[in-house]
Q: 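My questions will all concern the structure given below.
Owing to the predicted nature of the structure, the values given are computational and were not obtained by experimental measurement.
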Amino acid sequence: DAFCRYAAVMNVLANQDSYAGSGKEHWLYRDTRHGAFHVLPFDLNEVLNSSVALDPWAGTTSPARPALSGPLQVSEWRERYRAHLRTVVETSFDPSWLVPEIQHYHALIAADVAADLKKLYSTAAFQNNLTGPVTIESGYGPIVMPGLVPFVQARAAFLSSHPDLV
């Protein structure tokens, strides 16, 4: 169940650099004392950087992702995954709560970002990306990063109206 919850959270966050997407950026830890496995995601720099219309079921039927495609063939597990998606969308990813949190933390770190002499992107990009897209250079050419607040609002609207989640 914890793995379904992890996959649902990564999907809501449109993180294609996770198990369901690239198959990377996580560790699977086995707690030998309790016999449980735990997913430990890392390198979450691509969160909120995919399509706002990423299907909630993306990556869940791929034979290359047996930890999802296998269990989710069972209706009970599909419903658990769907329930996790709904819970995240209705609680943690609700823009009426999340946008003020984003704005709060953006303001909280703004002076430190401005003072950082080794930052990867400009202070202007940091400021502008809160509400609008910015183009950044990468080793693969320019990348357009969607505005954080508009992305969250559009992703939440898409998921809230998705026929499999209403």
Side-chain angles (χ1 to χ4, degrees), residues 1-103 105 120 129-130 133-136 138-166:
D1 191 49
F3 194 81
C4 278
R5 185 172 39 253
Y6 153 78
V9 168
M10 292 297 108
N11 181 285
V12 170
L13 296 175
N15 185 12
Q16 287 287 63
D17 201 18
S18 65
Y19 180 80
S22 67
K24 305 182 301 181
E25 315 300 0
H26 67 281
W27 287 309
L28 190 59
Y29 168 75
R30 181 169 182 245
D31 176 356
T32 56
R33 182 174 183 191
H34 299 102
F37 283 90
H38 304 280
V39 180
L40 305 171
F42 62 92
D43 192 18
L44 298 172
N45 64 319
E46 294 185 35
V47 164
L48 304 175
N49 188 27
S50 184
S51 169
V52 295
L54 178 67
D55 190 276
W57 301 99
T60 62
T61 59
S62 171
R65 306 288 177 261
L68 281 176
S69 63
L72 294 185
Q73 291 179 23
V74 178
S75 61
E76 178 186 345
W77 284 101
R78 281 186 69 78
E79 287 308 311
R80 284 183 185 202
Y81 177 75
R82 186 187 328 259
H84 288 311
L85 286 166
R86 282 187 193 124
T87 299
V88 174
V89 169
E90 293 170 1
T91 59
S92 307
F93 208 72
D94 178 354
S96 68
W97 172 85
L98 187 55
V99 168
E101 286 293 303
I102 291 168
Q103 293 166 332
Y105 284 103
L120 298 175
N129 198 225
L130 180 65
V134 297
T135 302
I136 59 170
S138 75
Y140 305 103
I143 298 174
V144 176
M145 303 293 290
L148 187 55
V149 168
F151 186 92
V152 165
Q153 292 168 329
R155 180 78 177 137
F158 171 78
L159 291 170
S160 295
S161 63
H162 194 280
D164 283 350
L165 302 180
V166 293

Q: Is there a donor-acceptor pair under 3.5 Å between the side chain of N129 and the backbone N or O of M145?
A: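 Such a contact is found between N129 side chain and M145 backbone.
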Q: Would you please test L28 and V39 for side-chain contact (heavy atoms from CB on, under 4.5 Å) and show each step?
A: CA-CA 5 Å; L28 190 59; V39 180; 4.0 Å; yes
Q: Given the rule in the side-chain contact (heavy atoms from CB on, under 4.5 Å) test, do S50 and D17 qualify, once you have shown the distances and angles that lead to the verdict?
A: CA-CA 9 Å; S50 184; D17 201 18; over 6 Å; no
Q: Which heavy atom in P71 sits nearest to a heavy atom in W77, and how many Å separate them?
A: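 For P71 and W77, the tightest heavy-atom pair comes out as O-CB, 3.2 Å.
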Q: What are the two closest heavy atoms between A20 and A58, and how far apart are they?
A: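 For A20 versus A58, the nearest heavy atoms are CB-O, 3.8 Å.
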Q: Taking the side chain from T60 and the backbone from L68, do they hold a donor-acceptor pair closer than 3.5 Å?
A: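 No: the side chain of T60 does not pair with the backbone of L68.
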Q: Side chains of L159 and L85: does their closest heavy-atom pair fall under 4.5 Å?
A: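 L159 vs L85: side chains apart.
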Q: Any idea how F3 and H26 line up, ring-wise: parallel (<30°), tilted (30 to 60°), or perpendicular (>60°)?
A: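 Ring orientation of F3 relative to H26: perpendicular.
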Q: For the atom pair SG (C4) and CD (E79), what is the distance rounded to the nearest 0.5 Å?
A: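 Atom-to-atom, C4:SG and E79:CD are 11.5 Å apart.
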Q: Does any part of the side chain of F93, heavy atoms only, come nearer than 4.5 Å to the side chain of L13, both counted from C-beta?
A: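 Yes, their side chains come closer than 4.5 Å.
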Q: Could you tell me which non-hydrogen atom of P146 sits nearest to which non-hydrogen atom of N49, and how far apart they are?
A: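 What the structure gives for the nearest pair is CD-OD1, 3.5 Å.
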Q: Is the closest side-chain heavy-atom distance between L72 and T61 below 4.5 Å?
A: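 Side-chain contact under 4.5 Å: no.
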Q: Quick one: does R65's side chain have a donor or acceptor within less than 3.5 Å of a partner on S22's backbone?
A: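 Confirmed, R65 side chain pairs with S22 backbone.
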Q: Tell me whether N11 contacts the main-chain N or O of D55 through its side chain, where contact means a donor paired with an acceptor under 3.5 Å.
A: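 Yes, N11 side chain to D55 backbone: donor-acceptor pair under 3.5 Å.
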Q: Heavy atoms only: give me the nearest P63-P66 pair and the separation to one decimal.
A: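 Scanning both residues, the minimum pair turns out to be O-CD, 3.7 Å.
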Q: Which value, rounded to the nearest 0.5 Å, describes the distance between R78 atom CZ and Q73 atom CD?
A: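 Result: 9.5 Å between the selected atoms.
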Q: Taking V52's backbone N and O only, do any of them form a donor-acceptor pair with R155's side chain (distance below 3.5 Å, no angle check)?
A: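 Yes, because the side chain of R155 sits within donor-acceptor range (under 3.5 Å) of the backbone of V52.
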Q: Would you say the side-chain atoms of T87 pair up with the backbone N or O of A83, donor to acceptor, closer than 3.5 Å?
A: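 Flag set: sc T87 to bb A83 pair under 3.5 Å.
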Q: Donor-acceptor check, side chain of R80 to backbone of D1, threshold 3.5 angstrom: yes or no?
A: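 Judged by distance alone, no pair lies under 3.5 Å.
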Q: What's the shortest heavy-atom distance between L165 and R86, and which atoms?
A: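 Between these two residues, the closest heavy atoms are O-NE, 3.2 Å.
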Q: Mind checking the OG-CZ spacing from S18 to F42? Nearest 0.5 Å is all I need.
A: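 One finds 11.5 Å between OG of S18 and CZ of F42.
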Q: Which heavy-atom pair separates D31 from H34 by the least distance, and what is that distance?
A: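 Looking at all heavy atoms of both residues, the shortest contact is OD2-ND1, 2.8 Å.
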Q: Could you label the plane-to-plane angle of the H162 and F158 rings as parallel, tilted or perpendicular, counting under 30° as parallel and over 60° as perpendicular?
A: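 H162 and F158: perpendicular rings.
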